[in-house]
Amino acid sequence: MHNIKDIRNNSNLFKESLKKRFIDIDINEILKLDENNRKLIQEKESLESEKKQISKSKNKELFKKSKIISEKIDSIEIKQKKLKASLDTILSSLPNIPLNDVPVGKDESSNVEVSKSGTIPNFNFKPKSHFELGEKLNMLDFELATKTTGSRFVFVKDKLALLERAISNFMIEVHVNQNGYQEISPPLIASESTMYGTGQLPKFENDQFEIKFDEKTDRKFLIPTAEVILTNMGKNKIFHQEELPLRLVASTPCFRKEAGSYGKDTKGMIRQHQFYKVELVSIVEQENCLSELDRMTNCATKILDMLKLPYRKIILSSGDMGFSAEKTFDIEVWLPSENKYREISSCSSCGTFQARRMKARYKNKNKDTFFVGTLNGSGLAVGRTLIAILENYQESDGSIKIPDALKPYMNNLDKIVKK
RNA sequence: GGAGAGAUGGCUGAGCGGUUGAAAGCACCGGUCUUGAAAACCGGCAAAGGGGCAACUCUUUCCUGGGUUCGAAUCCCAGUCUCUCCGCCA
């Protein structure tokens with residue numbers, strides 16, 4: 001959520017900045033709503049002040065007048081609330097503004113490669129796709145999932161299920177023991193206001209799985225990423241400065257409708273309605289967002305280094321970034337079957353954008369309150385890591401070597417072979 | 001599913017129609033004392049929004065939404081959430 005005061009003071013800059021996101025706003029409409037809103041507030045407050053005086057005076061002669069004032073206040077308040085609501089509706093669906101070093105561009109074609117790491121494997125045979133490998137091993141079963149559930153789901157079986165669990169455990173261990181994150185096992189369902197806090201609502205409702213709960217309670221949603229629930233741990237909270245930075249890690253299933261990606265990655269488990277992801281979240285003092293973003297990105301790439309998977313780091317263009325982000329690094333892992341890099345992690349700084357929505361703040365020593373900065377990143381997507389291992393560690397007979405780093409998590413198994 | 005109890009500032013917790021934005025304690029900040037620290041003592045310390053260059057000032061907020069009243073944290077109604085006990089259950 002943007003600060004209306006900032007918009008008021010720098011309306012042109014605000015309008016121009018949003019153009020980087022290819023959004024053209026009617027700034028005059030916003031300013032007009034804001035102005036009228038404040039006018040009504042002033043009217044209301046002066047009446048309230050008058051009413052308060054009367055009530056304090058306990059002068060019976062004036063009581064009648066007070067009653068009339070109350071009616072006026074009510075009618076102004078109705079107008080004012082309506083106005084404020086339409087202003088909020090507009091503001092809450094505007095994305096965060098990209099930082100200055102973010103490349104401007106409409107989509108992923110404008111993303112810029114920052115660095116490359118690892119060696120791309122050289123096969124003396126034609127490398128197979130992860131789904132070929134998995135199906136040949138009888139350890140990935142897409143048809144079975146179609147039968148029980150529907151498309152874009154998968155059964156992972158036997159040693160691949162073990163591998164999936166090992167990946168998750170390995171990543172968490174590294175983030176907890178080496179990177180200073182605190183492990184969390186959170187709820188996988190979030191309330192409407194929680195979804196609003198991180199920016200999934202109101203604009204992206206179509207991407208979310210809503211749960212049919214008790215009619216009476218708040219709307220509930222399956223989390224599309226642990227970012228939602230971890231970041232919202234700071235919702236409506238005022239942190240002590242010493243509590244920051246707060247670094248959290250969770251391995252959770254994520255649920256996404258993937259509306260609008262029909263026909264994209266239909267084969268295999270690249271794009272599923274349900275997948276595991278190890279998520280990193282940092283809550284920091286605002287001025288530390290950028291250093292924390294670098295730190296977080298390094299925590300993610302460290303996993304790939306340890307797994308000896310080749311990857312590259314890119315900075316997302318303004319048009320490709322998520323709604324709440326001000327700057328995003330994607331990490332892409334090499335997939336031999338596609339002969340290209342594919343996203344395996346996305347690390348974003350959201351500045352105070354989410355904090356404003358959530359009302360997540362901290363107090364410094366002078367008792368000043370500030371909004372916190374929030375960051376999130378995958379460390380890493382477990383399903384896609386599984387894919388990357390299958391493809392990069394495959395052998396000509398279709399068996400899969402186990403990366404050294406994972407062996408301790410797999411009873412020292414060193415190869416997955418067909419039974 | 002049945003029966004109760006509750007929701008107040010960063011935290012704990014009083015208040016149950018008017019000088020209560022809210023006692024007290026903790027935490028935190030400043031000061032006195034001390035070589036330094038601790039202890040003790042003194043003082044300060046909510047958030048959001050509006051107006052003002054500023055000093056400052058006004059309004060709102062005691063779970064949420066309605067109602068009663070000149071006036072509500074306090075009374076009434078509805079809702080949400082939390083806790084305890086019983087039942088059921090991973």
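A note on names: the letters A, B, ... follow the listed sequences, proteins ahead of strands, and every chain is numbered from 1.
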Whom does [N] pair with, Watson-Crick or G-U wobble, provided both distances fall under 3.5 Å?
| N | value |
| --- | --- |
| B:U69 | none |
| B:C81 | B:G6 |
| B:G21 | none |
| B:G1 | B:C86 |

Determine, for [X] against [Y], whether the closest basic-nitrogen to carboxylate-oxygen distance falls under 4.0 angstrom.
| X | Y | result |
| --- | --- | --- |
| A:Lys302 | A:Asp305 | no |
| A:Glu35 | A:Lys39 | no |
| A:Lys415 | A:Glu395 | yes |
| A:Asp330 | A:Lys313 | no |

Atom [atom1] of [X] to atom [atom2] of [N]: distance rounded to whole Å?
| X | N | atom1 | atom2 | value |
| --- | --- | --- | --- | --- |
| A:Glu192 | B:G79 | CD | C1' | 16 Å |
| A:Glu243 | B:C28 | CD | C1' | 13 Å |
| A:Lys56 | B:U20 | NZ | P | 10 Å |
| A:Leu47 | B:C70 | CG | P | 18 Å |

Checklist entry - Considering residues at least two apart in sequence or located in another chain, which fulfil the ring-ring contact (aromatic ring centres under 6.0 Å, His included) criterion with A:Phe353? => result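 Only A:His2, A:Phe323 meet the ring-ring contact (aromatic ring centres under 6.0 Å, His included) criterion with A:Phe353.
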
Item to check | With A:Phe329 via ring-ring contact (aromatic ring centres under 6.0 Å, His included) - residues at least two apart | outcome: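 Expected list: none.
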
Separation of the [atom1] atoms in [N] and [M], to the nearest angstrom:
| N | M | atom1 | result |
| --- | --- | --- | --- |
| B:A22 | B:A14 | C1' | 10 Å |
| B:G67 | B:G17 | P | 23 Å |
| B:U60 | B:G6 | P | 29 Å |
| B:A73 | B:A7 | P | 15 Å |
| B:C77 | B:U19 | P | 25 Å |
| B:C75 | B:G18 | C1' | 14 Å |
| B:U84 | B:G25 | C1' | 26 Å |
| B:G79 | B:A24 | P | 38 Å |

Item to check | For A:Phe209 against A:Phe255, the heavy-atom pair lying closest together | outcome: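 Answer, listing the atom of A:Phe209 first, then A:Phe255: CD1-CB, 3.7 Å.
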
Which donor-acceptor pairs under 3.5 Å do side chains of residues 224-242 of chain A form with protein atoms, sequence neighbours excluded?
residue	atom	partner	partner atom	Å
A:Thr225	OG1	A:Glu227	N	3.0
A:Thr225	OG1	A:Lys277	NZ	2.8
A:Glu227	OE2	A:Gln354	NE2	2.9
A:Glu227	OE2	A:Asn376	ND2	3.3
A:Thr231	OG1	A:Glu227	O	2.6
A:Asn232	ND2	A:Thr194	O	2.8
A:Asn232	ND2	A:Val228	O	2.8
A:Lys235	NZ	A:Ser193	OG	2.7
A:Lys235	NZ	A:Thr194	OG1	3.1
A:Gln241	NE2	A:Glu285	OE1	3.3

Checklist entry - Do any of residues 61-69 of chain A sit with a heavy atom less than 4.0 Å from RNA chain B, and if so which? => result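 Within residues 61-69 of chain A, the residues near RNA chain B are A:Phe63, A:Ser66, A:Lys67.
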
Checklist entry - Base, backbone or nothing for each nucleotide of nucleotides 43-67 of chain B, written B, S, -, heavy atoms under 4.0 angstrom, 5' to 3'? => result --BSSSBSS------BBS-------

Can you give each donor-acceptor pair under 3.5 Å made by side-chain atoms of residues 379-391 of chain A, sequence neighbours left out, with the distance rounded to 0.1 Å?
residue	atom	partner	partner atom	Å
A:Arg384	NE	A:Ile270	O	3.1
A:Arg384	NH1	A:Glu343	O	3.0
A:Arg384	NH2	A:Ile270	O	3.0
A:Thr385	OG1	A:Ala381	O	2.6
A:Glu391	OE1	A:Ser337	N	3.1
A:Glu391	OE1	A:Ser337	OG	2.9
A:Glu391	OE2	A:His130	N	2.7
A:Glu391	OE2	A:His130	ND1	3.4
A:Glu391	OE2	A:Ser337	OG	3.0

